[in-house]
Amino acid sequence: MFIRPTDLWHHYGRTRHATDRTVPDRFLWSWGQDVGPGAEALGETGGRRIGDLGAGAARHAAHLAVHHHPARIIAVDASPAQHDMAQDLYDHLASRLRLVRADVRQHLHATAGTYDVLYSVFGAVDFVEPRELLPAAAAALRPGGRLVFSTLAHHLGGELARPDVQHTEIGAKTPEGEAATMHRWVLQKQVWTKLLDEAGFTRISTDTLPGEPGPRAADTLLVTAFRPGQPAV
């Protein structure tokens, strides 16, 4: 018998969804959504095919669809609740924004060689086994395509990021409100660099965006990498 996985993202973003139905006018990578570069970190976006990996309610994807004129942006998330919120908020952008409910790894394997840009803002790169996700992302990019993601530079509360490919158990809630846990990968930058290199990426760079003080503040690690080859003209 098939048992549907529990949606541990059922409650995430629900308060904001009830009060903020706008398309954001900024694209920010930092944990606090307050500092750092914007959509320019993605490189050229006009006329490009772009994928948001672990898009949640698709706010970043909606910003790109409205303000940056991609050929198409596909916002992928496995959570039924997050997908439903994204549809409620941004279904009117369907001509430019496609909302896909799917396991990110399966989606990437099914779309090999089709994306110009892939990105994750504390999304799937944080929550999916990187030795599975990163090779799939490399394969889904066209030659010369770019992957950009922001992730925690250290654990919330200040504990150092892990020096090896080991997940951290973090708290979550079932739709019924019961306590649960999920995996999150909080890795040192040299670990991400090694993983990307092993997945076939090149021209790998990292930048640390400092967070504001506070009990749940965190620095952000912004990572960029490319699939080898020259992009098609």
Does Arg98, at its CZ atom, have more than 12 non-hydrogen atoms belonging to other residues, nucleotides or ligands within less than 6.0 Å?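 Not buried by this count: 12 neighbours or fewer within 6.0 Å.
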Within the side chain of Thr220, is there an N or O that forms a donor-acceptor pair under 3.5 Å with the backbone of Trp31?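 Yes: the side chain of Thr220 pairs with the backbone of Trp31.
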Whether His167 and His183 hold their rings parallel, tilted or perpendicular, with breakpoints at 30° and 60°: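 Parallel, since the angle between the ring planes stays under 30°.
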Cluster link Val186 to Val128, ILVMFWY, side chain under 4.5 Å: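 Not linked; separate clusters.
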Side chains of Leu133 and Phe149, heavy atoms from C-beta outward: is any pair under 4.5 Å?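 Sidechains of Phe149 and Leu133: no contact.
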Apply side-chain contact (heavy atoms from CB on, under 4.5 Å) to residues Glu44 and Val117 and explain how you reach the verdict. CA-CA 9 Å; Glu44 179 60 47; Val117 181; over 6 Å; no
Under 4.5 Å between side-chain heavy atoms, counting indirect links through other Ile/Leu/Val/Met/Phe/Trp/Tyr residues: same cluster for Leu134 and Tyr115 or not?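 The answer is yes; both residues are in one hydrophobic cluster.
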Between Val125 and Leu209, is there a shared hydrophobic cluster once you connect ILVMFWY residues whose side-chain heavy atoms come closer than 4.5 Å?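 In one cluster with Val125: Leu209, no.
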For a quick test of reading the model, state the closest non-hydrogen atom pair linking Ala136 to Leu108 and the distance between them.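 Heavy atoms of Ala136 and Leu108 come nearest at O-CB, 3.7 Å.
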Under 3.5 Å, side chain of Arg49 to main-chain N/O of Ile74, donor-acceptor pair present?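 Side chain of Arg49 to backbone of Ile74: no pair is present.
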Please check if the side chain of Glu178 supplies one atom and the backbone of Ala180 the other of a donor-acceptor pair under 3.5 Å.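 Answer holds: no.
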When rounded to the nearest 0.5 angstrom, what distance separates CD in Gln82 from CG in Asp77?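 It comes to 6.0 Å.
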Side chains of Leu187 and Leu195: does their closest heavy-atom pair fall under 4.5 Å?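 Answer yes - side chains close enough.
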Side-chain touch Ile170/Leu156, heavy atoms, less than 4.5 angstrom: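 No, side chains not in contact.
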Hey, could you give me the OG1/NE2 distance between Thr208 and His154, rounded to the nearest 0.5 Å?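 Answer for the OG1-NE2 pair, Thr208 versus His154, is 9.0 Å.
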What pair of heavy atoms forms the shortest contact from Pro70 to Ile50, and how long is it?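 Of all heavy-atom pairs spanning Pro70 and Ile50, the closest is CB-CD1, 3.8 Å.
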Reported CZ-to-CG distance for the pair Arg59 and Leu89, which is rounded to 0.5 angstrom: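 So the gap between those two atoms works out to 5.0 Å.
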Val223 and its side-chain contact (heavy atoms from CB on, under 4.5 Å) partner, picked from Leu196, Leu147, Val148: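 Going through the options one by one, the only one that passes is Leu196.
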Measure the CG-NZ distance between Leu222 and Lys189 for me, rounded to the nearest 0.5 Å.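 Leu222 CG to Lys189 NZ: 12.0 Å, rounded to 0.5 Å.
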Could you check if a side-chain atom of Thr206 sits within less than 4.5 angstrom of a side-chain atom of Leu221, using non-hydrogen atoms only?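 The answer is yes; the side chains approach within 4.5 Å.
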Where is the tightest heavy-atom contact between Ala75 and Ala55, given as atom of each residue plus distance?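 So the minimum-distance heavy-atom pair works out to CB-CB, 3.6 Å.
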Least distance between heavy atoms, Trp29 atom then Ser120 atom: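 What the structure gives for the nearest pair is CZ3-O, 4.0 Å.
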Trp185 side-chain N/O to Thr168 backbone N/O, donor-acceptor pair under 3.5 Å: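 Checked: no pair found.
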State, with a plain yes or no, whether a side-chain heavy atom of Asp52 is found less than 4.5 Å away from one of Leu64.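 Of all side-chain heavy-atom pairs linking Leu64 with Asp52, none is under 4.5 Å.
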How close do Val191 and Pro163 get, heavy atom to heavy atom, and via which atoms?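 Closest approach of Val191 to Pro163: CG2-O, 3.4 Å.
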Rounded to the nearest 0.5 Å, how far apart are CD of Glu198 and OG1 of Thr193?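 Going from CD on Glu198 over to OG1 on Thr193, the span is 11.0 Å.
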Please evaluate residues His68 and His63 with respect to the criterion side-chain contact (heavy atoms from CB on, under 4.5 Å), reporting the C-alpha separation (whole Å), side-chain torsions for both, the decisive distance (0.1 Å), and the verdict. CA-CA 8 Å; His68 294 273; His63 169 87; 3.1 Å; yes
Test of understanding: clusters of I, L, V, M, F, W, Y form through side-chain heavy atoms closer than 4.5 Å, transitively. Do Tyr119 and Val23 belong to the same one?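 Yes, Tyr119 connects to Val23 through the hydrophobic network.
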Heavy-atom closest contact (Ala71 atom, Gly47 atom, distance):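 Of all heavy-atom pairs spanning Ala71 and Gly47, the closest is CB-O, 3.3 Å.
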ILVMFWY network linking Val121 to Val66, side-chain heavy atoms under 4.5 angstrom: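 Same cluster.
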Only one of Tyr90, Phe122, Phe27 clears ring-ring contact (aromatic ring centres under 6.0 Å, His included) with His60; which?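 The residue from Tyr90, Phe122, Phe27 that satisfies ring-ring contact (aromatic ring centres under 6.0 Å, His included) with His60 turns out to be Phe27.
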Quick check against the 3.5 Å criterion: does Gln33 have a side-chain atom that pairs as donor or acceptor with the backbone of Ser30?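 Yes; judged by distance alone, with no hydrogens or angles, the pair exists.
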side-chain contact (heavy atoms from CB on, under 4.5 Å) partners of Ala65, counting only residues at least two apart: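 Ala65 satisfies side-chain contact (heavy atoms from CB on, under 4.5 Å) with Ile73, Arg96, Leu97 once adjacent residues are dropped.
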Within a reach of under 6.0 Å around CZ of Arg14, are more than 12 heavy atoms found that belong to other residues, nucleotides or ligands?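 Atom CZ in Arg14 is crowded, with more than 12 foreign heavy atoms closer than 6.0 Å.
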Taking 4.0 angstrom as the limit, do Asp88 and Arg21 come out as a salt bridge?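 Salt bridge between Asp88 and Arg21, a charged N being under 4.0 Å from a carboxylate O: yes.
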Look at the aromatic rings of Trp9 and Tyr12 and report parallel, tilted or perpendicular, splitting at 30° and 60°.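 Correct class here is perpendicular.
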Could you walk me through whether Gln190 and Lys194 pass side-chain contact (heavy atoms from CB on, under 4.5 Å), step by step? CA-CA 6 Å; Gln190 63 268 26; Lys194 186 173 185 290; over 6 Å; no
Hey, is the main chain of Leu141 close enough, under 3.5 Å, to the side chain of Arg227 for a donor-acceptor pair?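 Present.
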How many angstroms lie between CG in Asp126 and OG1 in Thr151, if you round to the nearest 0.5 Å?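 Going from the CG atom of Asp126 to the OG1 atom of Thr151 covers 3.5 Å.
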Taking the side chain as everything from C-beta on, heavy atoms only, tell me whether Arg184 gets closer than 4.5 Å to Leu152.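 They are in contact (side-chain heavy atoms under 4.5 Å apart), so the answer is yes.
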